Amino acid sequence: MTIFDSLNPARPAEIIGSFRTSTHIDIDEAVERATDAQKAWSAVPIPARAEMIAAIGDVLASRKAELARLVTVEAGKILTEAGGDVQEAIDMARFIAGQGRAAWGTTHPCELPSKFGFTTRHPVGIVGMITPWNFPVAIPSWKAFPALLAGNGIIIKPSEMAPACCDAFVSACVDAGIPDGLINVVHGFGEVGAYLAAHPKVRAISFTGSVATGRKVAIAAMEVGPKLLSLELGGKNAAIVMPDADLDLVIEGALFGGFGTAGQRCTSTSRIVAHRSIATELTARLAECTAALNIGDPLDARTNIGPVINAESAARILAMVERAAEEGNGIVVGGKIAHPEGCEGGSFFEPTIITGADRNSYITRNEVFGPVVAVLEVSSFDEAIDTVNDCDYGLSSAIYTKDVNLAMEALHRLDTGIVYVNAPTIGAEIHLPFGGNKHTGNGYREAGSRGLEQFSETKSVYIDYSGRLQKAQIDNREALS
Ligand code: NAD
């Protein structure tokens, strides 16, 4: 039996919980339990499923403070951000509950007389969910609630770095009355996720994590036969700053977007693409504000930047910054591993601003997933758009300008799944679709009205009430008239 510990990234001597790595037998049994429970659940009327999801939202709301504290000590988010993580799950429960009384398909006129067409949704069966550590309550909720509403059984494999948060989320579901066996958690590292992804009885896989892992999950899932496969992957998000932008707003947004969650959001602003005419002033002011940020214990209300998730992550971020420096980029502020007081052994990284990089630099092409922002200079709007789009990722982008024509032009031309105008690249709301283009995903979206797509099969239904054989796609109009 293999046991692993979840540690507080700010004080790794503090063990948040010990977890048993699920064996193949455990996973097989979880799939069997979910299969049995799903049969009954799929027969429950959809509005009644929705009521159960609303009840989960109420339980989560009643536990918000304790859950937020758990997110802080296990994932290292400062308390306000941890509260936001839990709030997203509450909001998602309420939104998805509402979807239980919304349209469940579309109606269509038919080519032939006395014939009617419509679509409806059906459960896929058993859904495997593999989740990252950085939204340890929100992301399981983005996947679990639409999957439940659609009538599925669920197996979640949370990140090995935030297993306690996922257990607490599932406890809220169980305490709200979700039937036994419908939601199951399996714990462990990549190997557990790989077994789940390849499980022949798991019909759909919903994965969120890095591009590198997403590729492995896709290969494992498809090896056993076609599955529904949703991949929500990394980002290299950019904010364009035009000469007419409100620089105070840009700086506030850059600090929040670049350094919130210590830069460990898929939508974190890691590139600022600034017009040359304001780039020097912007960089100087941004560096000054960055240097004033408090790094430290995320439980302390004065802290702006908590830890990164672990020592390996801090070392990886450092290596990326060192490589940027070797390539001749400037480190204007930050650039080092930090050791704040009272957080012995914790993994912290100074908020860092890099200059001198262009669109081909290593630091501007690769996801850092840490508090590192590169400022790139451009000479025109067109160059700014090309710079943002010249990137493998396509999750989130922003433009700061007071010119409505430029803003409209940008939102059409930016090749990202999410675009913000005069706001940072983070701040998605759960009732709009979430996801990205290019290497960021494979076309699905989470949340919003599209969140159900990955968890349901669409069925097209034709009802012919003519009482005679009618042949579609045959040019028989004359015969009919
Ligand atoms: P990760 O890819 O390292 O791990 C994600 C999950 O995959 C974990 O549960 C992990 O145990 C599991 N896993 C690892 N190897 C596996 C394998 N071979 N087969 C199956 N499962 C495996 O990601 P992370 O460090 O937890 O999260 C950070 C990444 O997630 C970043 O790239 C970030 O941009 C991305 N992310 C994307 C979104 C989005 O919606 N697009 C949201 C949050 C995070």
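Side chains included, hydrogens not; waters and symmetry mates left out as well; all remaining heavy atoms used. Ligands are counted one by one from 1 in listed order, and the atoms in each one are counted from 1 as well. Just so it is clear, the structure is predicted and the values come from calculations on it, not from any experiment.
In this structure, Phe135 has no heavy atom closer than 4.0 Å to ligand 1. Note on ligand 1: Ala220 sits outside its first shell, no heavy atom being nearer than 4.0 Å.
Note: no N/O pair closer than 3.5 Å links Ile139 and ligand 1 by distance alone. For Ser210, a nitrogen or oxygen atom sits less than 3.5 Å from a nitrogen or oxygen atom of ligand 1, counting backbone and side chain alike.
In summary, the atoms of ligand 1 found under 4.0 Å from a heavy atom of Ala194, numbered by their order in the structure, are 19 (N), 20 (C). Listed by atom number, the atoms of ligand 1 under 4.0 Å from Gly193 heavy atoms are 19 (N), 20 (C), 21 (N). Atoms of ligand 1 lying under 4.0 Å from any heavy atom of Lys157, numbered from 1 in the order shown and given with element: 8 (C), 9 (O), 10 (C), 11 (O). Annotation for ligand 1: atoms under 4.0 Å from non-hydrogen atoms of Pro158 are 9 (O). The ligand atoms of ligand 1 that sit less than 4.0 angstrom from a heavy atom of Val217 are 19 (N), 20 (C), 21 (N).
Atom 27 (O) of ligand 1 has Pro132 CB, 3.3 Å as its closest protein atom, hydrogens excluded (heavy atom only). For atom 41 (N) of ligand 1, the nearest protein heavy atom (residue, atom name, distance) is Leu233 O, 2.7 Å. Looking from atom 12 (C) of ligand 1 to the surrounding protein, the closest heavy atom is Ile130 CG2, 3.7 Å. The protein heavy-atom contact nearest to atom 17 (C) of ligand 1 is Gly190 O, 3.5 Å. Atom 35 (C) of ligand 1 has as its closest protein heavy atom Gly209 O, 3.3 Å. Annotation: atom 33 (C) of ligand 1 to nearest protein heavy atom, Phe369 CE1, 3.4 Å. Closest to atom 32 (O) of ligand 1, if we only count protein heavy atoms, is Glu367 OE1, 2.7 Å.
Taking the ring centre of Phe135 as origin, the terminal cationic atom of Lys77 falls inside the region bounded by 6.0 Å and 45° from the ring axis.
For atom 10 (C) of ligand 1, the nearest non-hydrogen atom from the set Lys216, Met129, Glu160 comes from Glu160. Looking at Val368, Thr131, Thr213, it is Thr213 that brings a heavy atom closest to atom 16 (C) of ligand 1. In this comparison of Cys266, Ala447, Gly214, the heavy atom closest to atom 38 (C) of ligand 1 sits on Cys266.
By the neighbour-count criterion of 12 heavy atoms within 6.0 Å, atom CZ of Phe256 is sparsely surrounded, having that number or fewer from other residues, nucleotides or ligands. Within a 6.0 Å sphere centred on CG of Asn360, heavy atoms belonging to other residues, nucleotides or ligands number more than 12. At most 12 heavy atoms of other shown residues, nucleotides or ligands fall within 6.0 angstrom of atom CD1 in Ile25. In Glu191, the CD atom is crowded: over 12 heavy atoms of neighbouring residues, nucleotides or ligands sit closer than 6.0 Å.
Contacts between Phe434 and ligand 1, counted as non-hydrogen atom pairs separated by less than 4.0 Å, involve the side chain only. With a 4.0 Å heavy-atom cut-off, ligand 1 is reached by the side chain of Asn134 but not by its N, CA, C or O. When heavy-atom distances to ligand 1 are checked against a 4.0 Å cut-off, Ala212 has no atom that comes that close, whether in backbone or side chain. Within the 4.0 Å heavy-atom criterion, neither part of Glu446 lies near ligand 1.
Note: Phe145 and Phe169 meet the aromatic proximity criterion, with ring centroids under 6.0 Å apart.
Under the 4.5 Å side-chain criterion, counting only non-hydrogen atoms from C-beta, Ile363 is in contact with Val368.
Electrostatic pairing of Asp175 and Arg63 counts as a salt bridge here, judged by a charged N lying under 4.0 Å from a carboxylate O.
Between atom CD of residue Glu446 and atom OG of residue Ser206 there is a gap of 5.0 Å, rounded to the nearest 0.5 Å.
Donor-acceptor pairing under 3.5 Å is lacking for the side chains of Asn310 and Ser313. Donor-acceptor pairing under 3.5 Å is lacking for the side chains of Thr131 and Thr208. Side-chain atoms of Asp415 and Asn437 form a donor-acceptor pair, as typed in the model, at a separation below 3.5 Å. Side chains of Asp91 and His431: a donor-acceptor N/O pair is absent below 3.5 angstrom, by distance only.
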Residues Arg413, Met408; criterion side-chain contact (heavy atoms from CB on, under 4.5 Å); working and verdict: CA-CA 9 Å; Arg413 286 170 58 186; Met408 290 301 294; over 6 Å; no
